[in-house]
Amino acid sequence: MDVLKQLLGRLHPLIVHLPIGFIMIGLLLQWYDRKKKENNPVISIIFLWAGITATLACITGYLQYLGEGYAFDTVKWHLWSGIATALFSFLMFAKLKGIQTFVFLSKLPVISWGIFIFILISFTGHQGGNITHGEEYLIEPLPNSIKSALGFETFEEKEISLNEANWQDALLYEDVIKPILNNKCVSCHNPKKAKGELLLNSEEGILNGGENGFVIETSKSSESELFTRLILPMDNDDHMPPEGKTQPSKEEVELVRAWIDSGSSFEKTIAESGLEKELFISFFPKKEDFDHPNIEISLASEEQIKAIEATGIHIDQISKSSNFLSASCINKPTFTDTDFEALLPIKEQISRLDLGQTQITDDIFSKLIELPNLTILLLDNTSITGKDLSLLASLEHLKSINLTSTTIKTEHLAALNKFKKLQQLYLHGTDASPQSVKLNNPKISIDFGNYQLPPIASDTIVY
C-alpha cells in the first residue's frame, strides 16, 4: 500500500499542470468572448475539467505529502489553495451553466470570478514552487540590498581567503567551513528560518542537530548527514541544498568531508588538523597568466588587419577583453625575414607571434625587437641557430619561446639568463639536452620533450 501511495503521489508534478492549462485557456477564451458570450457552453466544460483535474492534483499532492515525509507547515498553504482552486473551478462551471449556487456568489460578475481564479491559481503555483525550489527561489538572484528592501533575510557572502603563506595557520572551521555553510546552508538554517529545526549558523546549532537528530558523527563523514546530504543525487528529496539553491562546489563538499573526518574541531588550525595542501589550493588567489601584457592597448584598425591578412598571415584577437592580437603564419610557410615589414602597422598590438615552419633566419631577431609587447613567440621547425637571440632580452614582456626542432646552438642559449620575464623554453628536437643547457635563471622552465610513460601492470598482459 505504501508503494502505491508513493507512486500515485509522484504523479502530482505531472497532473498539477493540467488544471493550470484548463484554467488559463478558459480565462483566455472568456476574455476573447467577453462581448458576444457565444462560447459560454464550451468555456463551462473547460472549467469543469479544470475542477476535475484540480481535484486529482489535490489527491495526488496529499499522497505525496504523506509518502515523502513533508512537514504539514511546509505544504499547508499549497494544499488549501489547491483545494480552493478546484472548488472555484466547479463554481465557475456552475456560474456559466446558470446553475444556482450560493446567492452572494451568483451576484458577482463573471469577470470578477476570472480575476479571483487567476490570483488563486498564481498563489497556489507560487506555493508549490516554494516547496520545490525554496521560498526565496524567485528573488535569489537579486542583490542583497534589494532582498533586504523587500523584507527578506539576507546573509553576507563570506570568502575563503587562503594563500601560500597563511593556509596552514588558518582556522579550519572559522576560515573555511563556516564560510561554506554561511554561503550555501544558513539561508535555510538560521534563527529566523530553521528548516528541520536545524541551525547551521553557530557551533552550538551544528552540534545540537535538528529534528532528525545529530548531523555530525565525529570522524565519520559517511554517517554524518551534514555531508551525506550534500552528495545525494540532485533529484533526491533529501539532497541539500535543495534544487534551485546555489550548490557547493566539489572542492567545498570535499572540505566538509575532510573536516568531519579530522574530528570536526571548531578551534584547530589546518596544520593542526593534519589536512593536505591539495584540499585548499583551489581557494588560493588565481595568478594572472595572460598571452599578453596586463596593460591597456589601443585597438588596431580593421583596414590594417585586412591588409595583413591579404598577404596570407592570419590575425586573431586574443580575447574579447583585450585589444592584443595573435599573428600566425600557419597558412604562409613561405614567410621570410623581409615579409616581417607587413606586421609593423600593428606592432603595438601583437603579443603572440607564430613563425613556426617558415623560411626565417637569424636576421629575424633584429626585427622581432620592434614588437614591444611580444609575449609568446613560436620559432619551431625553422633554420635559426640563435646567433642573435640575445637581442630579444630587450622585450620586457616575453615569457615563452618555442625553439622545437630548430638548429639552435647550445652556446647561444646562455643569453636567456638576461631575459626579465621568460618562464618557458621549448627545446624538444634540438641538440640541446639537460646536460648541455645550464641556465642560472631558476624562473625559466625548460621542456626537452622525450616524454616516457611509466610502465603499468597491464602492459605485461598478453591477449
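Computed over heavy atoms, backbone and side chain alike; hydrogens, waters and symmetry mates excluded. These figures come from a predicted structure and were not determined experimentally.
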Item to check | His239/Gln247 under side-chain hydrogen bond (donor to acceptor under 3.5 Å, both in side chains): CA gap, chis, key distance, verdict | outcome: CA-CA 10 Å; His239 174 88; Gln247 301 296 313; 2.8 Å; yes
Next on the checklist: Could you walk me through whether Phe283 and Leu255 satisfy the side-chain contact (heavy atoms from CB on, under 4.5 Å) test, starting with their C-alpha distance in whole Å, then the side-chain angles of each, then the deciding distance to 0.1 Å, before giving a yes or no?
Outcome noted: CA-CA 11 Å; Phe283 300 96; Leu255 282 174; 3.2 Å; yes
Checklist entry - Please walk me through it: do Thr375 and Ser351 pass side-chain hydrogen bond (donor to acceptor under 3.5 Å, both in side chains)? => result CA-CA 5 Å; Thr375 306; Ser351 68; 4.7 Å; no
Next on the checklist: Pair Phe280, Leu275 - check side-chain contact (heavy atoms from CB on, under 4.5 Å), show working.
Outcome noted: CA-CA 9 Å; Phe280 306 93; Leu275 300 184; 3.9 Å; yes
Item to check | Candidate pair Ile270 and Leu279, rule side-chain contact (heavy atoms from CB on, under 4.5 Å), full reasoning | outcome: CA-CA 10 Å; Ile270 292 175; Leu279 288 167; over 6 Å; no
Item to check | Test side-chain hydrogen bond (donor to acceptor under 3.5 Å, both in side chains) applied to Asp261 and Ser221, step by step | outcome: CA-CA 6 Å; Asp261 285 340; Ser221 61; 3.1 Å; yes
Checklist entry - After noting the C-alpha distance and the side-chain angles of Ile46 and Ile25, does the key distance pass the side-chain contact (heavy atoms from CB on, under 4.5 Å) rule? => result CA-CA 8 Å; Ile46 290 174; Ile25 196 169; 3.7 Å; yes
Next on the checklist: Evaluate Phe88 against Phe116 for ring-ring contact (aromatic ring centres under 6.0 Å, His included), listing each step before the verdict.
Outcome noted: CA-CA 9 Å; Phe88 276 89; Phe116 178 76; 4.8 Å; yes
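Inter-residue side-chain proximity for Leu171 and Glu267 is flagged as unmet; no heavy-atom pair is nearer than 4.5 Å. Contact check for Tyr426 versus Ser400: side-chain heavy atoms found under the 4.5 Å cut-off. Counting heavy atoms from C-beta on, the side chains of Trp167 and Asp175 never come closer than 4.5 Å. For the pair His292/Asn373, no side-chain contact is recorded, criterion being any heavy-atom separation below 4.5 Å from C-beta on. By the 4.5 Å heavy-atom criterion applied to side chains, Ile177 and Phe266 are not counted as neighbours. With contacts defined as side-chain heavy-atom distances shorter than 4.5 Å, the pair Thr269/Leu172 does not qualify. The side-chain heavy atoms of Ser262 and Lys268, taken from C-beta on, include no pair separated by under 4.5 Å. Under the 4.5 Å side-chain criterion, counting only non-hydrogen atoms from C-beta, Leu353 is in contact with Leu343.
The distance from the CG atom of Leu226 to the SG atom of Cys185 is 6.5 Å, given to the nearest 0.5 Å. Taking CZ of Phe340 as the reference point, atom SG of Cys329 lies at 10.0 Å (rounded to 0.5 Å). Remark: Leu27 CG to Ile121 CD1 distance equals 8.0 Å, nearest 0.5 Å. Between atom CG of residue Leu162 and atom CD of residue Gln168 there is a gap of 11.0 Å, rounded to the nearest 0.5 Å. Note: Thr311 OG1 to Asp339 CG = 7.0 Å, rounded to the nearest 0.5 Å. Within the model, atoms CD1 of Ile180 and CH2 of Trp259 stand 10.0 Å from one another, a figure rounded to the nearest 0.5 Å.
Between the side chains of Thr124 and Gln127, no donor N or O sits under 3.5 Å from an acceptor N or O.
In this structure, His189 contributes its side chain and Leu198 its backbone to a donor-acceptor pair below 3.5 Å. Judged by distance alone, with hydrogens and angles left aside, the side-chain atoms of Ser322 form a donor-acceptor pair with the main-chain N or O of Phe324 at under 3.5 Å. Using a distance-only test at 3.5 Å, with no hydrogens or angles considered, no donor-acceptor pair links the side chain of Ser224 to the main chain of Phe227. Side-chain N or O atoms of Asn183 include one that pairs as donor or acceptor with a backbone N or O of Pro179 at under 3.5 Å. Asn163 places a side-chain N or O within 3.5 Å of a backbone atom of Asn166 that can act as its donor or acceptor partner. Under a 3.5 Å cut-off, the side chain of Glu159 and the backbone N or O of Ser161 do not form any donor-acceptor pair. Here the side chain of Glu348 pairs no donor or acceptor atom with the backbone of Ile297 at under 3.5 angstrom. No donor-acceptor pair under 3.5 Å is formed between the side chain of Gln30 and the backbone N or O of Ile43. A donor-acceptor contact shorter than 3.5 Å is absent between the side chain of His12 and the backbone of Gln64.
Tyr62 OH: 12 or fewer foreign heavy atoms inside a 6.0 Å radius. Surrounding CD1 of Ile330 are at most 12 heavy atoms belonging to other residues, nucleotides or ligands under 6.0 Å away. More than 12 heavy atoms of other shown residues, nucleotides or ligands fall within 6.0 angstrom of atom CD1 in Ile315. No more than 12 heavy atoms of other residues, nucleotides or ligands lie within 6.0 Å of CD in Glu296, so this atom counts as exposed by the packing criterion. Counting non-hydrogen atoms of other residues, nucleotides and ligands closer than 6.0 Å to CD of Glu278 gives a total above 12. In the displayed structure, Lys347 atom NZ is contacted under 6.0 Å by at most 12 heavy atoms of other residues, nucleotides or ligands.
Annotation for Ile260 and Glu217: closest pair CG2-O, 3.7 Å, computed over non-hydrogen atoms. When all heavy atoms are compared, the tightest approach of Gln424 to Asp447 is NE2-CB, 3.9 Å. Minimum heavy-atom separation, Leu181 to Ile206: CD1-CD1, 3.7 Å. Across all non-hydrogen atoms, the minimal contact from Asp238 to Asn236 is N-OD1, 2.8 Å. The minimum heavy-atom distance linking Ser222 with Thr228 is given by the pair O-CG2, 3.3 Å. Scanning both residues, Ile376 and Leu398, for their nearest heavy atoms gives N-CD1, 4.4 Å.
Ring centroid separation for the pair Phe123 and Trp80 does not come in under the 6.0 Å cut-off.
Under the ring-ring contact (aromatic ring centres under 6.0 Å, His included) criterion, Phe118 pairs with no residue at all, not counting sequence neighbours.
Taking the charged nitrogens against the carboxylate oxygens, Glu174 and Lys158 have no contact shorter than 4.0 Å, which rules out a salt bridge. With respect to Lys421 and Glu396, no salt bridge is recorded, no charged nitrogen being found less than 4.0 Å from a carboxylate O. A salt bridge links Glu254 with Arg257: the distance from a Lys NZ or Arg NE/NH1/NH2 to an Asp or Glu carboxylate oxygen falls below 4.0 Å.
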